[in-house]
Each structure stands twice: as structure tokens, then as C-alpha cells.
Amino acid sequence: MSHFDIDEYAYLESPFHSFDPRAKFVSVLVLMFSIVLLNDIRILTAGLLLAVALVLISRIPLLFVMGRLKWVALFVLAVVIVLPFSVSGTALFSVGALTFTKEGFLQALVISVKAFSVVLLIFPMLATMKFVSFIKALEKLHVPNRLVQMITLTYRYIFVLLNEIQRTLRSIESRGYGKRTSILGLKNLGTAIGMLLVRSYERGGRIFDAMVSRGYNGTMETLREFRINSKDWAKAASIVAVAVLLHVAAFTSSIYLGAI
Amino acid sequence: MKNNGKPMVVRNLSYRYSDGTSALEDVSFEVSNGDSVALVGPNGAGKSTLLLHLNGILSKQTGSIEILGMPLERKNVGSIRKRVGLVFQDPEDQLFMSTVFDDIAFGPINMGLPEEQVRERVRWALTEVGLNGYEDRCPHHLSVGEKKKVSVATVLSMGPEIILLDEPTSNLDPLARRRMIEMLKGLRATKLIASHNIEMLLGICDRAILLDNGRVVADGKTADVLTDPELLREHGLEVPMLVKLFGSDALDVIREEF
């Protein structure tokens, strides 16, 4: 079974791939927050271009990036369609009873640009390392251990569960209930999901037994020291500096050019 | 010592599941140091339930269990688990970490060993199962045979004196099964192996305990218990074809084969 691997391109070489996972995670996260907190569409556009540039630097194939972006586009599309008609303000044109406003359009634009920038930044941040390294980075950054355990186990078992539900569906289909769109099909899907729940619950019990029998006492620890060097510090510092600069730019432009 | 130095002494152990089904009924047996004991019986005989008792995952309801001279009680369960390794039937349950290294290191880390020793043990356990260089692999990308071997390694790294194995060769192709058997033969610990693979058990175990309906119905030399067609048939099992054809002469062949 083929499945979605966020770390499919973790083996490539780029400044992001060689970046220490902890420093990379923290600095790019700062940049993401910085972009989300901006409201000036001019600065946001710069942020979006920056995000695109970082994706290019990370050498993650654009086709792979586009493939993931289309899901984001689906969500953003809903906002872009609804907002211009629902926010009141200067009317640009009307379609029947609906009025397309300048304010609404700008808001939609701001939200889309933020969404795309942040999602684009996920690629240089997460797709440039093995997912395991990301989990370890969280562990070493002292993210609460319960959360780290949850991510570890989710990542380990999501594929097992996907396989399980696929097997259940296949076995239902192979006994002749092929149409997924019918009421019967939905019932079968319900059965499959129910089975998955029961099986997962039981598997959870067995995994817990396996953990306890190897001395599990509530925390999950791993070894692996990351070595952070001066290059990592420099990269992290530059990204954080850019994040700060975006806000300095937004602040000055609001003073000299006026807010939009 | 009151247990005569036996690493495993089980007396009158009974266990009922919460729905009232009896899983174990008055089970008693002893295992001597370094023994390889086969645990056989039809599906649902209580083999897995028994194994889960022997490192304290299930707690006894009646009877007594003594492991390595310690009665299996709450206060001892931690030190018993360090010395009794349990390999689960489904490697997907056994391997829960995201890399082979982390999984094998899980036990030793929990034992509080210093980092260098943990690394050394992981290296050693991987060598024992013949999977050097697999450290950074993800369990979900391994073959079933590899997963089974890593499962054994996750327990070996804790340096157990007793290893309990639940169906170590199920779902393996013939070559992987052979390799697994060779590996099991090489392990020095006291072993209790639950399996339906009678031929393998004849090859690597000296003694066999036959369970049915939660009761011990036979306990003796593998050469006696596992070659008795009547006895095995009565309890849902079957003697290997070689034994059917050649009687006890087949045993030498099987031992040589495995």
C-alpha cells in the first residue's frame, strides 16, 4: 500500500537538510507566527515570496509541494468565495442580491496569503528531515513527553491502521458489496470503521502490555544527540531576523504609507 | 533455596477472564535453568495467557508463581520484567517505536543503563539476530521476518535470563523460519516457546508441556509428548509427517535439520 510520506525527500541535500532539527523547527515556527500575525497585504506578499524562496532553497520537488498545496487550496477557496460577499464595505460590484466588497476581498486575500505562506513553510521545516528526527527534536526541546509519545505512536501505527481498514473494506467488497455510494455501502463503511475502532482498542492494549513488559513507566525516552554548530545558529538567527524584519517593515509602512 | 534453583516454578495457577471464561485451571510446572521448553496446545488452550502471567502482565488470581527465586508480586514485578523477556506474537504490537534502534534501546533505557551501555547492547542484540545496520530503519518498512527478528532483539537487549516466545515462527516463509529457528537455538537463556510448529519444537526443545482448556494434560520429553499421535490428535494437534512415516527414527533427522 502506498502512503503519504512527509519525509519522502529527507535524503536530499540543501541548507535546510543539513540544518539542526531543533533550530530548524524553532526558527521556522517563529517565522510562521510572524507571518500569521501580519495584516498588511504588501508585507504579507513579501512573506509569501520569502516562503516560496525557502521552498526553492530546500530543493523539495515542486510537484510534491503542489500536490499537497491543492488540499489547502480547497479550504482557501471556500474563504475566497464567501468573504467578499459577506463582509460589508465599499461595494465593487453586485451579483443579484450579493455585493462584492473591497474590504471582504482584501480580507480573503490576506487569509489566503497567510495560509499558503505557512503551509509552504512546512516543507523546508518538516520535509527536509526524517519524521523521526522531528519527533526527537520535540523530545530534546522538552515538549511534554506525553505529547511526544502520542506523536511517536501515531506515526508508528497510522500505517498499520490504514492497512487494517483497507483489509476490512476489501474483505467486505470481496463478498459482493462493492458500491460505496449506496446506503448499503455506507453501512459497510460504518462496519469497517467500527471494526477498526475495536481492533485498535485491542491492539492498544497489547502494545501497552509490550511496553510494560519492557519496563515502561510512563515516559518514553530515546538516545540521539543532535550537534548544533555555528552554521545552525547562523541559519536560525537569519530566519528569526527575517521574521522580526517583516514586523518592523509592517510597522514603518503603517506609519509612513498608512494602513490599508 | 526453596525453589531448588529452578528459575520458574508455577503452582496451581488458575485464571478466569472477566466474562467468566476459565483460561487457566490449576496449572503447575517447573522449569530448570537453561531448559528449552515447548508450550503446545490447540488455539485457545491458554498458552498466551500463561505467558502473560510469567512476567506479571496478567496478575495471578489463585496459585503461585516464582521467577528466579522471587515470588511474582507487585513489589518484585519490576525486577522480574528486567530478567524475563516476553516476545509477543504480532511484531506490530512488539515494535512500537519509530526506529529499530529506539525500539531495541527502549528496554535498556528503562533499566536505567548509561548511554554507552545502551548503545553497546543495541549493537550486540542486532548482531545476535543478524540484522546489523538496521538501526535507522522504520519498523513499518521491514518484512515480517525482519520484524520478528527485531522483536526478539528488543528483548535480548535487556539481557533476560528467561525468554518467553509466543509463536516465534508464525507467518514466516520457510527461509525466514529456518533462520529464526537457528537464531533461537543459539540463544543461551532459559526459553519457553509457545508454538504450533511441532517439528521446530522437536528440533530445539528438550521438554514439552501440552495445554488444553487451560489444563496441563501432558508434561515430558519432547521426544515422548510430541511424537504421540493419539495424544496430540486428542488435543487438536498433529505429529509431523516425518514422525508419522518413520516413527522415532525421524527425530534424529529433525534434530539434524534444525
Side-chain angles (χ1 to χ4, degrees), chain A residues 1-8 10-11 21 129-140 145 148-164 166-167 199-225, chain B residues 48 51-52 54-58 77-119 121-122 135-141 147 151 154-158 160 164 166:
Chain A
M1 182 182 165
S2 72
H3 34 61
F4 164 65
D5 268 333
I6 181 76
D7 57 6
E8 201 172 321
Y11 62 88
M129 57 182 155
K130 296 295 268 175
F131 195 75
V132 179
S133 305
F134 166 63
I135 298 175
K136 283 183 199 295
L138 293 181
E139 189 188 332
K140 303 303 171 212
N145 195 267
V148 175
Q149 290 184 41
M150 278 162 64
I151 298 173
T152 306
L153 292 173
T154 306
Y155 181 64
R156 170 67 184 90
Y157 285 103
I158 189 139
F159 305 114
V160 175
L161 295 184
L162 282 174
N163 278 337
E164 235 156 62
Q166 201 177 41
R167 277 208 308 271
R199 283 198 200 152
S200 311
Y201 177 76
E202 285 176 348
R203 186 181 289 283
R206 293 196 303 271
I207 295 165
F208 181 71
D209 286 347
M211 291 170 78
V212 168
S213 79
R214 281 196 273 145
Y216 175 70
N217 49 17
T219 51
M220 192 183 260
E221 277 177 74
T222 61
L223 302 181
R224 180 155 322 178
E225 63 291 357
Chain B
S48 300
L51 292 185
L52 287 173
L54 298 175
N55 77 344
I57 296 290
L58 291 179
V77 86
S79 38
I80 285 176
R81 283 184 189 145
K82 278 182 197 165
R83 299 164 70 184
V84 181
L86 172 57
V87 182
F88 286 67
Q89 181 174 356
D90 184 351
E92 298 288 11
D93 297 337
Q94 179 90 22
L95 307 176
F96 45 78
M97 298 296 279
S98 22
T99 67
V100 168
F101 181 95
D102 290 342
D103 230 311
I104 303 178
F106 185 85
I109 291 175
N110 284 330
M111 288 165 76
L113 297 177
E115 187 176 327
E116 209 24 68
Q117 267 191 53
V118 173
R119 289 184 189 284
R121 283 191 178 214
V122 174
E135 287 85 348
D136 291 328
R137 302 278 288 270
C138 296
H140 68 267
H141 288 150
K147 281 183 195 168
S151 298
T154 62
V155 163
L156 285 184
S157 63
M158 298 178 75
L164 315 168
D166 199 351

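In the text below, chain A, chain B and the rest are named by the order of the sequence lines, each starting its count at 1.
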When [options] are compared by non-hydrogen pairs under 4.5 Å with chain B, the top option:
| options | result |
| --- | --- |
| A/I135, A/V212, A/T219 | A/V212 |
| A/V132, A/L223, A/I207 | A/L223 |
| A/R203, A/E221, A/Q149 | A/R203 |

Counting heavy-atom pairs closer than 4.5 Å to chain A, which one of [options] comes out on top?
| options | answer |
| --- | --- |
| B/V118, B/L95, B/D90 | B/L95 |
| B/R81, B/M158, B/Q94 | B/R81 |
| B/D136, B/T154, B/V77 | B/T154 |

Rounded to the nearest 0.5 Å, what separates atom [atom1] in [X] from atom [atom2] in [Y]?
| X | Y | atom1 | atom2 | result |
| --- | --- | --- | --- | --- |
| B/L86 | B/L52 | CG | CG | 6.0 Å |
| B/D93 | A/E202 | CG | CD | 10.5 Å |
| B/E92 | B/S151 | CD | OG | 9.0 Å |
| B/L58 | B/S48 | CG | OG | 10.0 Å |

Notebook entry, point to check: For A/T222, which residues count as a side-chain contact (heavy atoms from CB on, under 4.5 Å) partner, sequence neighbours excluded?
Noted result: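 Counting only residues at least two positions away or on another chain, A/T222 forms a side-chain contact (heavy atoms from CB on, under 4.5 Å) with A/K136, A/E139, A/K140, B/M97, B/D102.
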Check: Who pairs with B/R137 by side-chain contact (heavy atoms from CB on, under 4.5 Å), at least two apart in sequence or on another chain?
Finding: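 B/R137 satisfies side-chain contact (heavy atoms from CB on, under 4.5 Å) with B/V100, B/Y134, B/L142, B/E146 only.
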Next item on the list: Output yes when B/K147 and B/D103 qualify as a salt bridge under the 4.0 Å nitrogen-oxygen rule, no when they do not.
Entry: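 No salt bridge links B/K147 with B/D103.
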Check: Looking only at heavy atoms, what is the nearest atom pair of B/P160 and B/G85, with distance?
Finding: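 Minimum heavy-atom contact is CB-N, 3.6 Å.
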Next item on the list: Kindly give the heavy-atom pair with the smallest separation between B/P139 and B/S98, and that separation in Å.
Entry: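 Of all heavy-atom pairs spanning B/P139 and B/S98, the closest is CD-O, 3.3 Å.
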Checklist line | Validation row: B/E135, B/T99 side chains within 4.5 angstrom (heavy atoms) | finding: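 Side-chain contact under 4.5 Å: no.
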Note to self: Is there a side-chain contact between A/S213 and B/F88 in this structure, where contact means two heavy atoms from C-beta onward sitting under 4.5 Å apart?
What the structure shows: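 Yes, at least one pair of side-chain atoms sits under 4.5 Å.
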Check: In residues 108-116 of chain B, which residues are in contact with chain A at a heavy-atom separation under 4.5 Å?
Finding: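 The residues closer than 4.5 Å to chain A, in numerical order, are B/I109, B/N110, B/E115.
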Next item on the list: Please list, in residue-number order, every residue in residues 150-158 of chain A that has a heavy atom less than 4.5 Å from any heavy atom of chain B; write 'none' if there are none.
Entry: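 Hits under 4.5 Å: A/T152, A/L153, A/Y155, A/R156, A/Y157.
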Margin query: The test is side chain to side chain contact (heavy atoms under 4.5 Å, CB included); show your working for A/M211 and A/M220 and say whether it passes.
Written below: CA-CA 10 Å; A/M211 291 170 78; A/M220 192 183 260; 3.7 Å; yes
